[in-house]
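Reminder, nothing fancy here: chain letters follow the sequence lines and each chain counts from 1. All heavy atoms count here, side chains included; hydrogens, waters and symmetry mates do not.
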2 protein chains.
Amino acid sequence: MSNDLFSISDIERESGIRCDTLRVWERRYGFPTPSRNERGERVYPREQLLRLRLIKQLQDRGMQPGKLVSLEYQQLQRLTSRPDNSALASADVEMLLDMLSSGLGYGLSNKLEALLSLYGLRIFLADVVAPMNHAVGKAWFEGKIGILDEHLYAETIRNVLTVALGGLPQGVKNPRVLLTTLPGEQHGIGLLMVACMLRLEGAGVVMAGVQTPLEEIVRGAIECGSGIVGISCSEYMGRRTIASQLVKLRALLPEDVALWAGGSGVRTLAFLKDNVRLFNDLDQIQPAVQAARNVN
Amino acid sequence: MSNDLFSISDIERESGIRCDTLRVWERRYGFPTPSRNERGERVYPREQLLRLRLIKQLQDRGMQPGKLVSLEYQQLQRLTSRPDNSALASADVEMLLDMLSSGLGYGLSNKLEALLSLYGLRIFLADVVAPMNHAVGKAWFEGKIGILDEHLYAETIRNVLTVALGGLPQGVKNPRVLLTTLPGEQHGIGLLMVACMLRLEGAGVVMAGVQTPLEEIVRGAIECGSGIVGISCSEYMGRRTIASQLVKLRALLPEDVALWAGGSGVRTLAFLKDNVRLFNDLDQIQPAVQAARNVN
DNA sequence: TTTAAATATTGTCTAGGACAAATATGAGTA
DNA sequence: TACTCATATTTGTCCTAGACAATATTTAAA
């Protein structure tokens with residue numbers, strides 16, 4: 001059933017590495033090493049797709065592809081496993097992850113709602129959702145769960161958070177924040193988490209979905225009268241892309257509009273700190289909002 | 001401010017036409033006609049981007065690019081404007097659209113909630129949301145509103161429907177339906193609408209988000225014990241792509257799992273009717289669900 | 001009017017070269 | 001040790017122009 005041979009465009013779609021780049025890697029580094037079909041076109045085995053996926057992930061964390069292609073799959077895998085410091089609510093997280101992989105998420109929703117009303121929104125976000133996101137991403141990356149499971153998880157979290165957000169009282173709506181992700185960034189969960197935190201502080205939140213072109217972000221900030229533009233960056237997007245887009249966006253935005261960026265994608269981008277206010281943690285939002293309010 | 005010059009990769013991203021295709025059109029048809037920068041690279045003016053977007057849309061509706069490139073912008077525009085038969089709740093729709101374009105969607109949420117409780121979910125979906133989707137898509141296509149406005153609209157609808165869906169009682173959960181979109185299809189609103197309709201009929205709904213690879217859809221259907229896989233197709237995806245993916249999916253799915261597809265993307269795909277159950281209208285869902293339940 | 005064959009159109013793939021932007025390395029200085 | 005600057009390497013994207021199969025359209029026959 002499962003088609004184990006991939007064309008170059010299949011590989012582009014599945015690995016996120018562009019055709020041109022795949023060809024030039026082959027030419028320069030001797031990897032990947034696709035065979036050819038009767039038409040002379042490249043045909044990749046699944047094993048190389050998996051290796052390419054690993055390489056892409058490591059590259060996005062700042063390593064050089066030229067030094068990665070010579071490594072075996074297992075060596076690559078060893079490099080990707082990061083120290084896991086989510087010891088906090090790890091029991092809950094472990095249980096929820098089990099729930100997800102067995103039975104495709106049935107009951108997950110109820111359990112999450114129970115945890116939400118037990119802990120309250122703020123702690124739920126920091127100690128349940130954030131570690132869960134990390135754990136789910138890792139499990140997908142290591143092949144323990146499929147994309148479908150990740151989707152089911154994301155849908156469930158989205159539902160829970162959307163309902164929670166709707167239940168929050170509308171505060172003073174100051175400052176006003178326009179929330180979105182950069183073009184190419186699909187993950188909207190972080191956005192919802194930030195929206196919740198901001199609403200808890202009484203900020204006005206305008207959700208603009210994912211993948212908004214930079215020009216449109218600028219227009220939105222101006223038309224909404226937002227003093228702040230908030231960008232959520234997952235770790236799946238490549239630091240280079242993120243950095244260059246954030247710099248461009250900063251240049252396009254009026255000077256009196258602040259640019260905030262957070263999520264695991266900005267962890268290693270400290271050099272942007274003069275251009276962009278970076279957030280490594282949900283807890284940093286509260287003081288930042290209050291500071292912003294005092295300025296106005 | 002707005003950068004009016006585009007590189008070929010900008011055009012690829014903004015128009016959805018691949019680099020290779022852009023070059024080959026230029027070679028064959030003499031359009032587009034980019035100038036070159038000091039490095040000899042193609043540089044496109046905004047005007048050509050707009051024309052390319054129109055061409056892409058028309059092509060996705062089944063026309064040949066070779067016959068479109070020679071047309072002026074206005075002739076293209078004339079071709080795209082379809083008869084608008086949404087006379088039903090047109091007053092409401094008109095008002096909501098105004099609301100969206102002025103003031104970036106403030107208050108839209110309240111108005112939609114009011115309409116929902118006035119009409120009830122079923123009529124709200126058919127006579128408010130569906131025409132609104134159409135009107136918003138059209139307005140974006142004609143340049144009357146920006147992508148950002150479309151995003152704000154989608155977020156608002158998503159919130160309203162998510163809350164409405166959460167409020168529906170869990171029915172008998174028969175039949176069980178796995179809902180998702182094909183790889184490449186980003187629009188998830190249709191999915192939510194269908195989910196609402198299915199829940200109203202007492203079906204069990206598993207939402208699997210957007211852009212699920214075909215293999216994963218199959219795995220999900222089997223693991224969830226779904227008797228039905230539901231696919232939502234917007235008009236933005238190209239009929240060819242949709243058709244070939246649906247055929248592939250049908251071949252991969254077990255025979256006893258039904259494949260349902262709906263949305264404006266399947267309007268002109270009647271020739272698939274032997275493989276796939278096609279839906280042109282939300283009202284067709286109710287009888288189909290009841291028929292499916294009787295079979296089991 | 002439907003079916004089949006012939007013709008035209010179209011997107012994706014190929015190769016290998018070029019170059020600027022990004023990153024790493026090494027030398028010199030505080 | 002820490003920082004800055006210049007040099008060297010690495011890397012992704014873009015270029016041209018040709019080939020071919022898959023799809024769509026037209027023409028011919030039943």
Side-chain angles (χ1 to χ4, degrees), chain A residues 5-13 15-32 34-44 52 55-56 58-70 184 238-248 268-272, chain B residues 5-13 15-32 34-44 52 55-56 58-70 184 238-245 247-248 268-269 271-272:
Chain A
L5 295 175
F6 299 86
S7 73
I8 195 168
S9 52
D10 291 336
I11 298 286
E12 172 172 36
R13 178 168 31 80
S15 73
I17 303 168
R18 298 197 48 163
C19 282
D20 271 336
T21 307
L22 286 167
R23 283 194 274 258
V24 94
W25 282 6
E26 185 182 335
R27 204 196 311 164
R28 286 192 187 136
Y29 315 128
F31 182 85
S35 49
R36 302 295 174 124
N37 64 12
E38 68 282 0
R39 245 179 284 159
E41 294 172 358
R42 291 170 174 80
V43 176
Y44 299 80
L52 286 167
I55 291 173
K56 179 67 175 15
L58 289 167
Q59 189 192 190
D60 287 347
R61 291 182 201 166
M63 316 192 109
Q64 290 184 299
K67 290 174 183 164
L68 294 170
V69 289
S70 62
R239 24 174 278 140
R240 221 174 338 192
T241 323
I242 295 174
S244 74
Q245 300 220 68
L246 285 177
V247 170
K248 266 189 203 164
T268 58
L269 299 177
F271 65 94
L272 285 175
Chain B
L5 295 175
F6 299 85
S7 73
I8 196 168
S9 52
D10 292 335
I11 297 286
E12 172 172 36
R13 178 168 30 79
S15 73
I17 303 168
R18 296 198 53 161
C19 283
D20 273 336
T21 307
L22 286 166
R23 292 200 196 97
V24 94
W25 282 7
E26 185 182 335
R27 207 195 309 167
R28 287 194 187 135
Y29 315 128
F31 182 86
S35 49
R36 302 293 175 125
N37 64 11
E38 67 281 0
R39 243 178 285 158
E41 295 171 356
R42 290 170 175 81
V43 176
Y44 300 80
L52 286 167
I55 291 173
K56 180 67 175 15
L58 289 167
Q59 188 192 192
D60 287 346
R61 291 183 201 166
M63 316 192 108
Q64 290 184 299
K67 289 174 184 166
L68 294 169
V69 289
S70 61
R239 23 174 278 141
R240 224 172 339 185
T241 323
I242 295 174
S244 75
Q245 301 218 68
V247 170
K248 265 189 204 162
T268 58
L269 299 177
F271 65 94
L272 285 175

Considering every strand and a 4.0 Å limit on heavy-atom distances, what is the contact class for B:Q59: base, sugar-phosphate, or nothing?
sugar-phosphate

Interatomic distance, A:R23 atom CZ to A:R18 atom CZ [nearest 0.5 angstrom]
10.5 Å

Pairing residues for B:E26 by the side-chain contact (heavy atoms from CB on, under 4.5 Å) criterion, not counting sequence neighbours
B:P34, B:R36, B:R42, B:Y44

Rounded distance (Å) that lies between atom P of C:dA21 and atom CD of A:Q64
19 Å

Among D:dT11, C:dC13, D:dC14, the nucleotide that comes nearest once only the side chain of A:R28 is considered
D:dT11

Euclidean distance, A:L68 CG relative to A:W25 CH2, rounded to 0.5 Å
8.0 Å

note: A:M63, atom CE; C:dA22, atom C1'; distance rounded to Å ~ 17 Å

Give a yes/no answer on whether the side chain of B:T21 brings an N or O atom under 4.0 Å of OP1 or OP2 in C:dT12.
yes

Do B:R23 and C:dG11 share a donor-acceptor pair, side chain to base, under 3.5 Å?
no

How close or far is atom C1' of C:dA18 from atom CG of B:N37, stated in whole angstroms?
13 Å

Within the structure, does a side-chain N or O atom of B:R27 lie under 4.0 Å from either OP1 or OP2 of C:dT10?
no

What's the closest nucleotide to the side chain of A:V24 if the choices are D:dG12, C:dT12, C:dT25?
D:dG12

In Å and rounded to the nearest 0.5 Å, what is the OH to OG distance from A:Y29 to A:S70?
11.0 Å

For residues A:S15 and A:K56, determine if any side-chain heavy atom of one lies less than 4.5 Å from a side-chain heavy atom of the other.
no

To the nearest Å, give me how far apart CD1 (A:I11) and C1' (C:dC13) are.
15 Å

Using a heavy-atom cut-off of 4.0 Å across all strands, would you classify A:R42 as base, sugar-phosphate, or nothing?
sugar-phosphate

Calculate the interatomic distance between A:F6 atom CZ and C:dT12 atom P; express it in whole Å.
19 Å

Can you check the A:R36 CZ to D:dA19 C1' distance for me, whole Å?
14 Å

Nearest heavy atom decides the nucleotide; on that basis, is B:K67 or A:K67 closer to the 5' end of DNA chain C?
B:K67

OP1 or OP2 of C:dC13 sitting under 4.0 Å from any side-chain N/O of A:S9?
yes

Measure from CZ on B:R39 to C1' on C:dC19 and round the result to the nearest Å.
7 Å

Taking the nucleotide of DNA chain C with the closest heavy atom to each, which residue, A:E12 or A:D20, is nearer the 5' end?
A:E12

Verify the contact: side-chain N or O of B:Y29 to OP1 or OP2 of C:dT9, cut-off strictly under 4.0 Å; return yes or no.
no

In whole Å, I'd like the distance from the CD atom of A:E41 to the C1' atom of C:dA15.
14 Å

